[in-house]
Q: 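Got a structure here, written out as structure tokens. Questions coming.
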Amino acid sequence: MAQEKKFVEEITSMNEDFAQWYTDVVKKSELVDYSSVRGCMIIRPYGYAIWENIQRELDRRFKETGHENVYMPLFIPEGLLQKEKDHVEGFAPEVAWVTHGGQEQLTERLCVRPTSETLFCDHYKNVIQSYRDLPKLYNQWCSVVRWEKTTRPFLRTLEFLWQEGHTAHATAEEAQEETIRMLNVYADFCEEFLAIPVIKGKKTNKEKFAGAQETYTIESLMHDGKALQSGTSHNFGDGFARAFGIQYTDRDNQLKYVHQTSWGMSTRIIGALIMVHGDDSGLVLPPKVAPIQLVIIPVQQHREGVLEKAYELMNRLKGKVRVKIDDSDKMPGWKFSEYEMKGVPLRLEIGPKDIEKNQVVLVRRDNREKLFVSMDELEEKVLQALDTVQRSLYEKALEMREKKTFTARNFEEFSEIIEKTPGFIKAMWCGKRECEDNIKEKTGATARCIPFQQEKISDKCVCCGEKAETMVYWAKAY
RNA sequence: CGGGAUGUGGCGCAGCUGGUAGCGCGCGUGGUUUGGGACCAUGAGGCCGCAGGUUCAAGUCCUGUCAUCCCGACCA
């Protein structure tokens with residue numbers, strides 16, 4: 001790794017300046033462009049293709065678990081937004097308001113949705129009457145707006161794309177099951193599709209969603225040792241139902257409140273994809289999510305038969321893998337770097353020497369390993385290689401996370417880890433908000449989650465030293 | 001919202017004590033090249049972020065404003 005030649009000079013190296021590396025990568029790989037609107041980004045075709053793959057796969061998993069897609073309005077009347085107290089308070093500082101329609105001032109301001117709980121609730125109130133109407137398992141794909149102070153491509157923008165699931169159930173038990181079911185959908189999706197290992201757990205009261213009874217989360221760890229909340233699933237209990245009057249008549253002819261959940265994943269996950277797998281040459285995409293899984297680079301393409309052969313190979317692979325051929329008259333070396341920067345998992349080189357030997361050269365993006373493959377076994381070997389890359393990316397990411405996961409028994413250990421080797425810290429917590437605040441203030445780290453998989457690090461709270469039974473993952477976070 | 005930095009062809013930059021804009025890369029065309037970012041020739045492209053002001057004269061000085069990046073406080 002150390003003496004590996006750096007092929008691409010356009011990207012700042014990760015160790016030198018991680019933030020700059022990130023910006024270089026998203027720009028140079030053509031995922032996004034900055035727009036003339038402050039805090040908003042243009043998602044370019046290559047970036048949007050990644051999002052489309054994420055959408056397709058998530059949507060499939062949502063449908064598989066019985067959900068239906070709907071579309072809610074972009075605007076929320078002020079009165080509607082204010083119905084649930086905690087919810088408004090949580091979002092108030094970051095909503096954008098529409099005050100005028102054309103020349104005329106509106107009698108009631110409209111908020112540009114920062115999330116759609118209130119709209120779903122307002123609708124559920126109208127369409128739910130009987131226990132026979134339940135459950136309602138809705139999801140919507142849309143964009144939302146949150147007026148953030150500082151922004152970064154994918155990680156935090158004023159407008160971002162996401163999906164938000166909103167469900168209503170007859171009982172608290174069903175709502176809880178749904179909350180966990182969808183958390184698991186997210187976790188499996190991240191691990192299997194994006195090759196990103198995640199920690200599943202519950203948020204502390206301080207960190208939970210405005211208006212939720214419980215918030216569950218999957219947390220992943222980036223290359224710089226910062227954590228990124230990669231998906232959340234909330235159990236609302238009947239809090240929103242009471243605020244909005246969503247009641248149904250049960251079998252026993254009693255009026256009861258519904259129990260609700262919501263869950264979301266956003267384009268932010270693309271930021272995780274970049275920061276978990278990327279390296280100094282640019283993006284590294286797991287094959288399952290990569291818009292281009294294999295790029296064919298003809299070498300000495302002016303020579304007779306080379307291009308023909310390259311196209312023949314492409315046609316054989318079409319339909320089996322997402323394949324692209326680059327027959328532009330750029331130098332082969334230029335093309336190599338270009339597609340590495342874009343994170344294409346597999347490259348196929350084909351030139352006169354290969355044709356002579358009836359072979360092609362396959363090069364893995366993740367470790368640049370070269371495989372010489374007989375043309376007769378092309379399809380099989382390509383699929384095999386993609387599979388290998390997918391799995392080894394997951395393993396590498398897991399290894400990275402484990403290397404950056406530490407345990408702290410007391411505050412001194414905790415501070416030292418945060419300073420010297422940023423990453424996840426497993427430490428005991430007494431459950432008090434003051435300790436969370438204290439840790440945040442003194443170290444910058446926050447409670448990422450109370451993991452389902454508990455371990456006993458010690459008996460005492462890492463902060464106050466009093467009796468503790470809960471182990472918490474802490475980290476600095478995006 | 002505080003602290004710092006930066007806005008000049010598509011990108012990266014130069015432009016001193018004011019005198020009307022230049023370099024590299026990229027781009028177009030023709031040719032030679034092609035196994036890790038080729039070369040020659042030739043050509044196109046800029047009211048210097050925006051708005052005021054000072055001046056005979058502003059990319060350069062002054063004021064304001066907008067945007068971007070980095071570091072902190074708040075959030076997916």
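Sequence lines set the chain letters: A, B, ... in the order given, protein chains first and strands last, and positions in each chain run from 1.
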Q: Report the base-pairing partner of B:rA58 (Watson-Crick or G-U wobble, both distances below 3.5 angstrom), or none.
A: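 Paired with no nucleotide.
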Q: For A:G271, which contact category applies under a 4.0 Å heavy-atom criterion: base, sugar-phosphate, or nothing?
A: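 Nothing, no heavy atom under 4.0 Å.
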Q: With the threshold set at under 4.0 Å for non-hydrogen atoms, list the residues of residues 194-208 of chain A touching RNA chain B in residue-number order.
A: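 Going residue by residue through residues 194-208 of chain A, none turns out to have a heavy atom under 4.0 Å of RNA chain B.
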Q: First locate atom CD of A:Q453, then atom CD1 of A:I199, and finally report the distance between them rounded to the nearest 0.5 Å.
A: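 Those atoms lie 8.0 Å apart.
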Q: In whole Å, measure the gap between the C1' atoms of B:rG43 and B:rC47 for me.
A: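 About 23 Å, rounded to a whole number of Å.
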Q: Quick one: do A:K335 and A:E338 make a salt bridge, cutoff under 4.0 Å?
A: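 A salt bridge is absent here (no side-chain N lies under 4.0 Å from a carboxylate O).
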Q: Within this structure, what is the CD-to-C1' distance between A:E340 and B:rG35, rounded to whole angstrom?
A: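 It works out to 14 Å between those atoms.
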Q: Considering only the P atoms, how many Å lie between B:rC56 and B:rG3, rounded to the nearest integer?
A: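 Roughly 37 Å separates the two P atoms.
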Q: For the side chain of A:E148, starting at C-beta, report the closest nucleotide among B:rC74, B:rG36, B:rU33.
A: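 For the A:E148 side chain, the nearest candidate turns out to be B:rC74.
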Q: Between A:Y478 (OH) and B:rC74 (C1'), how many Å, whole number?
A: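 So the OH-C1' distance, A:Y478 to B:rC74, works out to 17 Å.
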Q: NA contact type, A:R38, heavy-atom cut-off 4.0 Å: base, sugar-phosphate, or nothing?
A: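 Answer is sugar-phosphate: A:R38 comes under 4.0 Å of backbone atoms only.
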Q: With the threshold set at under 4.0 Å for non-hydrogen atoms, list the residues of residues 183-192 of chain A touching RNA chain B in residue-number order.
A: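 The stretch gives none, as no residue of it lies under 4.0 Å from the strand.
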Q: Identify which one of A:W97, A:F209, A:W147 satisfies the ring-ring contact (aromatic ring centres under 6.0 Å, His included) criterion when paired with A:F91.
A: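 Per the ring-ring contact (aromatic ring centres under 6.0 Å, His included) rule, the option paired with A:F91 is A:F209, out of A:W97, A:F209, A:W147.
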Q: Is the charged tip of A:R61 near the ring of A:W263: under 6.0 Å from the six-membered ring centre and within 45° of its axis?
A: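 Not flagged: A:R61 not positioned over aromatic ring of A:W263.
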Q: Do A:T232 and A:T217 have side-chain atoms, one donor and one acceptor, less than 3.5 Å apart?
A: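 The criterion, which ignores hydrogens and geometry beyond distance, is not satisfied for A:T217 and A:T232.
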Q: Kindly say whether the aromatic ring centers of A:F240 and A:Y124 come within a distance under 6.0 Å.
A: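 Judged by ring-centre distance (under 6.0 Å), A:F240 and A:Y124 do not meet the cut-off.
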Q: If a pair satisfies salt bridge (Lys or Arg N to Asp or Glu O under 4.0 Å) and one of its residues is in residues 286-305 of chain A, list it, with sequence neighbours excluded.
A: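 Residue pairs passing salt bridge (Lys or Arg N to Asp or Glu O under 4.0 Å), neighbours aside: none found.
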Q: How far, in whole Å, is B:rC74 from B:rA67 if one measures between their P atoms?
A: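 Pairwise P distance, B:rA67 against B:rC74, rounds to 24 Å.
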Q: Salt bridge check, A:R365 against A:D279: does any charged N sit closer than 4.0 Å to a carboxylate O?
A: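 A salt bridge is present here (some side-chain N lies under 4.0 Å from a carboxylate O).
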Q: Under a 3.5 Å limit for both distances, which nucleotide forms a Watson-Crick or G-U wobble pair with B:rC16, could you say?
A: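 Partner of B:rC16: none found under 3.5 Å.
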Q: Can you confirm whether the side chains of A:T12 and A:D24 place a donor and an acceptor under 3.5 Å from each other?
A: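 Yes.
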Q: Considering only side-chain heavy atoms of A:R156, which listed nucleotide, B:rC75, B:rG36, B:rC74, is closest?
A: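 For the A:R156 side chain, the nearest candidate turns out to be B:rC75.
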Q: So, applying side-chain contact (heavy atoms from CB on, under 4.5 Å) with A:P298, which one of A:Q301, A:H302, A:Q300 is it?
A: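 In the set A:Q301, A:H302, A:Q300, the residue that makes a side-chain contact (heavy atoms from CB on, under 4.5 Å) with A:P298 is A:Q301.
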Q: Taking B:rG15 as the reference, what is the distance to B:rG19 when you measure between their P atoms (whole Å, please)?
A: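 Rounded to whole Å, the distance is 13 Å.
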Q: Tell me: NZ of A:K27 to P of B:rU68, nearest whole Å?
A: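 Answer to the nearest Å: 12 Å.
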Q: Describe the nucleic acid contact of A:T446 in one word from base, sugar-phosphate, nothing, applying a heavy-atom distance below 4.0 Å.
A: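 Nothing: the residue A:T446, judged by heavy atoms under 4.0 Å, touches no strand.
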Q: How about A:R181 and A:N184: does a side-chain donor come under 3.5 Å of a side-chain acceptor?
A: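 No, no side-chain donor-acceptor contact under 3.5 Å.
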Q: What salt bridge (Lys or Arg N to Asp or Glu O under 4.0 Å) pairs are there with at least one residue in residues 205-219 of chain A, not counting sequence neighbours?
A: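 Applying salt bridge (Lys or Arg N to Asp or Glu O under 4.0 Å) to every pair that reaches into residues 205-219 of chain A, excluding sequence neighbours, yields A:K202-A:E214, A:K203-A:E219, A:K206-A:D437, A:E219-A:R448.
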Q: In whole Å, what is the span from the CZ atom of A:R347 to the P atom of B:rG36?
A: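 From A:R347 CZ to B:rG36 P: 9 Å.
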Q: Can you tell me the distance, in whole Å, between the CG atom of A:L362 and the P atom of B:rG35?
A: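 Spelled out: CG on A:L362 to P on B:rG35 is 19 Å.
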Q: Rounded to the nearest angstrom, tell me the gap between atom CG in A:D329 and atom P in B:rG28.
A: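 My rounded result for the distance is 9 Å.
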Q: Examine the base of B:rG36 for any acceptor or donor lying under 3.5 Å from a partner atom in the side chain of A:E349, and report the outcome as yes or no.
A: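 When only heavy-atom distances are counted, A:E349 does not reach the base of B:rG36 through any donor-acceptor pair under 3.5 Å.
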Q: Could you give me the CA-CA distance, side-chain angles and deciding distance for A:E30 and A:K342, then say whether salt bridge (charged side-chain N to carboxylate O under 4.0 Å, His left out) is met?
A: CA-CA 8 Å; A:E30 299 181 349; A:K342 291 191 155 191; 3.2 Å; yes
Q: Taking side-chain contact (heavy atoms from CB on, under 4.5 Å) as the criterion, tell me which of A:D366, A:V289, A:I196 meets it with A:H277.
A: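 Of all the options given, the one that passes is A:I196.
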Q: Can you measure A:E338 atom CD to B:rG36 atom P for me and round it to whole angstrom units?
A: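 My rounded result for the distance is 17 Å.
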Q: With a 4.0 Å cut-off on N to O distance, would you call A:K353 and A:E356 a salt bridge?
A: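 Salt bridge between A:K353 and A:E356, a charged N being under 4.0 Å from a carboxylate O: no.
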Q: Give one of base, sugar-phosphate or nothing for A:F160, where a contact means two heavy atoms less than 4.0 Å apart.
A: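 It contacts base atoms.
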Q: For RNA chain B, what residues of residues 285-309 of chain A have any heavy atom nearer than 4.0 Å?
A: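 Of all residues in residues 285-309 of chain A, the ones placing a heavy atom under 4.0 Å from RNA chain B are A:V299, A:Q300, A:H302.
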Q: When you compare B:rC62 with B:rG45, how far apart are their P atoms, in angstrom units rounded to a whole number?
A: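 Taking atom P in both B:rC62 and B:rG45, they lie 34 Å apart.
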Q: If you pin A:A210 and A:K335 to their nearest nucleotides in RNA chain B, which one's is more 5'?
A: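 Closer to the 5' end of RNA chain B: A:K335.
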Q: How is A:K440 classified with respect to the nucleic acid when contacts are heavy atoms under 4.0 Å: base, sugar-phosphate, or nothing?
A: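 A:K440: backbone/sugar contact only, no base atoms under 4.0 Å.
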Q: Any strand is fair game: report the nucleotide pairing with B:rG43 by Watson-Crick or G-U wobble, both distances under 3.5 Å, or none.
A: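 Base-paired to B:rC27.
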Q: Taking the P atom in each of B:rC13 and B:rC70, what is the distance between them to the nearest angstrom?
A: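 These two P atoms come out 15 Å apart once rounded.
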Q: Return the nucleotide paired to B:rU65: Watson-Crick means purine N1 to pyrimidine N3 with N6-O4 or O6-N4, wobble means G-U with N1-O2 and O6-N3, both under 3.5 Å.
A: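 Pair assignment: B:rU65 / B:rG49.
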Q: Taking any strand in view, what nucleotide pairs with B:rG2 in a Watson-Crick or G-U wobble way, both distances under 3.5 Å?
A: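 Partner of B:rG2: B:rC71.
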Q: With a 4.0 Å cut-off on heavy atoms, is A:V361 in touch with a base, just the backbone sugar-phosphate, or nothing at all?
A: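 Touches a base.
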Q: For atom C1', what is the distance between B:rG10 and B:rG28, given to the nearest Å?
A: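 B:rG10 and B:rG28 have their C1' atoms separated by 13 Å.
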Q: Tabulate protein N/O versus nucleotide N/O from nucleotides 69-72 of chain B, keeping only pairs under 3.5 Å, one per line.
A:
unit_1: B:rC69; atom_1: OP1; unit_2: A:Y34; atom_2: OH; d: 3.1

Q: Answer yes or no for A:K226 and A:Y478: cation-pi contact, defined as NZ/CZ to six-membered ring centre under 6.0 Å and angle to ring axis within 45°.
A: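 Yes - A:K226 lies over the ring of A:Y478, closer than 6.0 Å to its centre and within 45° of its axis.
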Q: Between B:rG26 and B:rC66, how far is it from one C1' atom to the other, in whole Å?
A: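 The answer is 28 Å between these two C1' atoms.
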Q: Establish, yes or no, whether the cationic atom of A:R347 lies under 6.0 Å from the six-membered ring centre of A:F336 and within 45° of the ring axis.
A: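 Flagged: A:R347 positioned over aromatic ring of A:F336.
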Q: When we call it a touch if two heavy atoms are under 4.0 Å apart, what does A:L228 touch: a base, just sugar-phosphate, or nothing?
A: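 Since no nucleic acid heavy atom lies under 4.0 Å of A:L228, the category is nothing.
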Q: Once you round it to whole Å, what is the distance between C1' of B:rC74 and CD of A:E441?
A: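 Distance check: A:E441 CD to B:rC74 C1' gives 15 Å.
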